[in-house]
Structure formats: structure tokens, C-alpha cells
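Order of appearance sets the numbers: ligands from 1, and atoms from 1 within every ligand. Along the sequence shown, residues carry numbers from 1. The figures here come from the full heavy-atom set of this structure, side chains too, leaving out hydrogens, waters and symmetry mates.
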Amino acid sequence: MRLKDVKVHIVSVPLKEAIHWTWQIIPITAFDFVVVEVRDEEGNAGYSALYDGVSSKELLMKYKMFIEGIVKWALTSVEFEPRDLHRIASICTHHYMRIGFLEAAVWDLMARREGKPLCKLLGGCRKRVKVYASMGRLVDVDMAKRHIDWYLKQGIDIVKVRFHRPDPMEDVKVLKELKKIYGSSVRFAVDANQALAVFPPFWDRWTALRVAEELYQLEVLWLEEPLYREDVEGYVWLRSKSRVAIAGGEAEYGLSNVLRRIDVGMYDIVQYDATLDNGVYEALTIANYTALKGLKYLAHAWNPGLGWLINLHITASLPEHLSPYIETPLDPSWFWEEVMFAVCDKEPPKIVDGYVEIGDEPGTGYSISSEKIKKFSIS
Ligand SMILES: [Mg+2]
């Protein structure tokens, strides 16, 4: 195939209150992300979006320059096979430009061209996917309770909390309190975000194991990124000792890199992200490999709506036993609808009884609203 046009929009959505994610050094007052729009000769469109974890306008402008200045020329000049696009993504990653989200938009376009939901183009047919609520801030018991009560009203009974206090046993204390309140009505997961940690707390292997032991007592579903990404042996060591599932992979890219990490036994749960990492083709290849190894694949999906929908459809294309849930960023409560879907032509899909339904519309079923893009675009 060949594209007719590739457009990149840098979007900045002001926040009604500052948010301090645990992985960021300072609070943010606007949420900045990239939206990509691809078109073919027949006028079919495809969309995706990327939040790179930093939310820096200056950095995001480089995506626009790079994609519209170089990548667009290649994709509009020569015929390409969509399954070869990960090679371009790989070159770009090498230059610190992750363009998996652009590759994902091409898959969205292809699904629209075929008149099929994206998950069907990818070979799957789940009608709905179970949501887990992903919290992004360090919360005390009261704030967590306010959110969890709201999740339960929507039927969501799996909640991921962040551990980021200087003493992780203080994080454990908060979780113990929540477990006392909710008993078996809520299952928890814990994300330590250590894989790309650039400022303290830094966990060592013994800290991670001690936390894992505590989490096992609390029947936690998984412990995510408990160690720095370069400590491959540490992950293998921890996984051999931990009675809680060890998850990771969102910080990785490139097939040989991720498959090797699976081979050496770093993870029970592999968390690749098509839009943050290197695209749909790599995500599906990794998911299939994960299945062969008897592991689970849970897409990392802390993405703006158009990117999250790509990961939702990948999940819906996989068997439920392999990929049971979709991560959904629901903290603070207003963030999902007002910010993540700020430039979409529709409201986020409704969560009913803890599940999000997969519609019959072509592609992801969502497009950008030109009016909203105009309102929030800074490029
Ligand atoms: Mg994570």
C-alpha cells in the first residue's frame, strides 16, 4: 500500500487541577500528546495517539518534524507492506522517535478500508473486554477509597495502585488498609514503575522480594516493574522466588529485545504497548510468543483515547485466557473523558458491569474531531 498523506497534531489539554504522576518529577498542569492521522488515495483515514510519559511540548514537536519531514515522504512515495513498517519504527526508535503509533494508525486505516472493526482484521472476535482501573498518583487511603467506590459503581473490581513512597512498607500499609475495607470484592495489582526510574526511590532486589512477599499475603494479582530494566538477572532471580506474578515490558521495544527477555524468564505477564512501543505487528508477534510460553499478555495502555483504542482492539483480537483485561487510566476520575478523549469525535466507550464493549464500526470506530483538534492543537 501507499499513503496519500500523514499529519501529526501536537495537542495540549489544560488540566483543571495539576496532576502529579508517580513517574514524573513535578506535577503537570497540561496534558500534552501526539495525534497522527493517515490517509490513502481513496480517502480512507486511520488514527492513533501517543503519550510518551513525559508530556513535554518541546519533545513532542520533534515527532511532528520527524514524521512529517522524513517518514511521510517515505510512506507516500513508495509501496510498502504494513507488516514491514515495524522496520521503520525500529530505525526511528534508534533515533529516539518511537513511531509505533504511526504504524498503528495504518492498521486502523486498513481495517476501515475493509469495513471491519480493527480486532477482526487482526483475527479476533471478542465482543467485550474486562477493564482494570489504573491509578497514576500516589494516593492515601481516603483518596483511593473515593476512586475505588466510583470504579465499583461501574462494575470494575480490579484496581492497580502505584508504590512510590521512600519506604515501600508505607505503600504496603495503605494497601493493607484498602484490603481491610474491600476484602475480596476488589482485587489489586501494584505498579512500582522501577524499569525507567530516574529518581528515587530505587528498589534493589531484596526490597522487591520483600514487597512481593507482602503482596502475596494480600492476594495481589501482579507486581509490575519492580526493578530497573537493565537488571535482567534481577528479574529472573526475583521471579524464581516471588509467589506474586511479575509483570513488565512497557519500557521495551524491538522484537529480539523483548523475545529474549521472555526467553530468559523475566516476566509472568508481558505488557507491550503498540502505540508507545513499536506498533501492532510487534505487539501481536509478542502476544503470540507469550501464548506459546504459557504466560499472559496484558497491554500497557496508559494512552490518549485514540492510542488506547488500538490496544483495546489488540486485546479483543486475543483469547481471553491470554489477555483478560485492558488497562484503563481512570485517575483522576475526570481525566479519562475530559482529557484522554479530548480530541475524539465521541465520548469514551461506556464501561458496563466492568466491561467495555467492542462495536461493529470499522477500525477503532473513533476519529478525531476537527473542531476539537483546532481547539487543543499547538502545532
Ligand atoms: Mg506500568
Side-chain angles (χ1 to χ4, degrees), residues 19-25 28 31 33 50-55 98 100-101 131-139 144 147 156 158-165 168 171 175 187-199 201-203 207-208 211-212 215 220-231 234-235 238-239 242 244-253 257-258 261-262 266-278 283 286-287 290 295-304 307-308 310-312 314-315 323-331 335-336 340:
I19 301 178
H20 193 173
W21 311 125
T22 55
W23 57 88
Q24 289 188 314
I25 299 169
I28 53 168
F31 187 66
F33 57 95
L50 167 77
Y51 161 60
D52 68 349
V54 181
S55 213
R98 293 195 180 190
F101 70 112
V131 163
Y132 82 76
S134 187
M135 302 191 80
R137 296 174 296 176
L138 196 59
V139 288
H147 282 76
I156 301 169
I158 300 178
V159 179
K160 186 166 85 184
V161 296
R162 308 279 162 172
F163 272 23
H164 199 70
R165 290 175 174 83
D171 292 314
L175 192 57
R187 287 174 294 167
F188 290 96
V190 167
D191 194 343
N193 286 110
Q194 286 289 311
L196 287 177
V198 291
F199 58 98
F202 297 131
W203 289 13
T207 305
V211 171
L215 299 189
V220 162
L221 287 169
W222 71 85
L223 171 57
E224 187 168 323
E225 293 194 331
L227 294 168
Y228 185 52
R229 62 177 291 275
E230 294 293 354
D231 190 6
Y235 271 89
L238 178 65
R239 186 168 165 242
S242 168
V244 167
I246 302 298
E250 70 186 64
E252 305 308 325
Y253 53 84
N257 170 37
V258 180
R261 284 166 179 264
I262 294 170
M266 286 177 69
Y267 314 121
D268 296 285
I269 298 171
V270 180
Q271 298 173 303
Y272 207 60
D273 180 335
T275 62
L276 175 66
D277 301 320
N278 272 2
I286 290 163
T290 301
L295 308 173
K296 295 234 181 304
Y297 180 88
L298 288 184
H300 171 268
W302 189 277
N303 318 118
W308 178 83
I310 299 284
N311 281 307
L312 172 69
I314 289 172
T315 303
S323 191
Y325 326 119
I326 182 70
E327 175 173 31
T328 305
L330 295 173
D331 170 36
F335 179 71
W336 183 235
M340 287 299 214

- Item | Evaluation steps, ring pair (Phe, Tyr, Trp, His ring centres under 6.0 Å), between F31 and Y51 | CA-CA 9 Å; F31 187 66; Y51 161 60; 4.8 Å; yes
- Message: Pair W308, W302 - check ring pair (Phe, Tyr, Trp, His ring centres under 6.0 Å), show working.
- Response: CA-CA 7 Å; W308 178 83; W302 189 277; over 10 Å; no
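For D268, the side-chain contact (heavy atoms from CB on, under 4.5 Å) partners at least two apart in sequence or on another chain are R239, A245, I246.
The structure places CG of N311 at 9.0 Å from CD of E327, a figure rounded to the nearest 0.5 Å.
Between W21 and W23, the ring planes are parallel. Angles under 30° get that label, and only those over 60° would be called perpendicular.
Here the Mg ion (ligand 1) has protein N, O or S atoms under 2.8 Å from it, and they come to 3.
A side-chain donor from one of R162 and N193 sits under 3.5 Å from a side-chain acceptor of the other.
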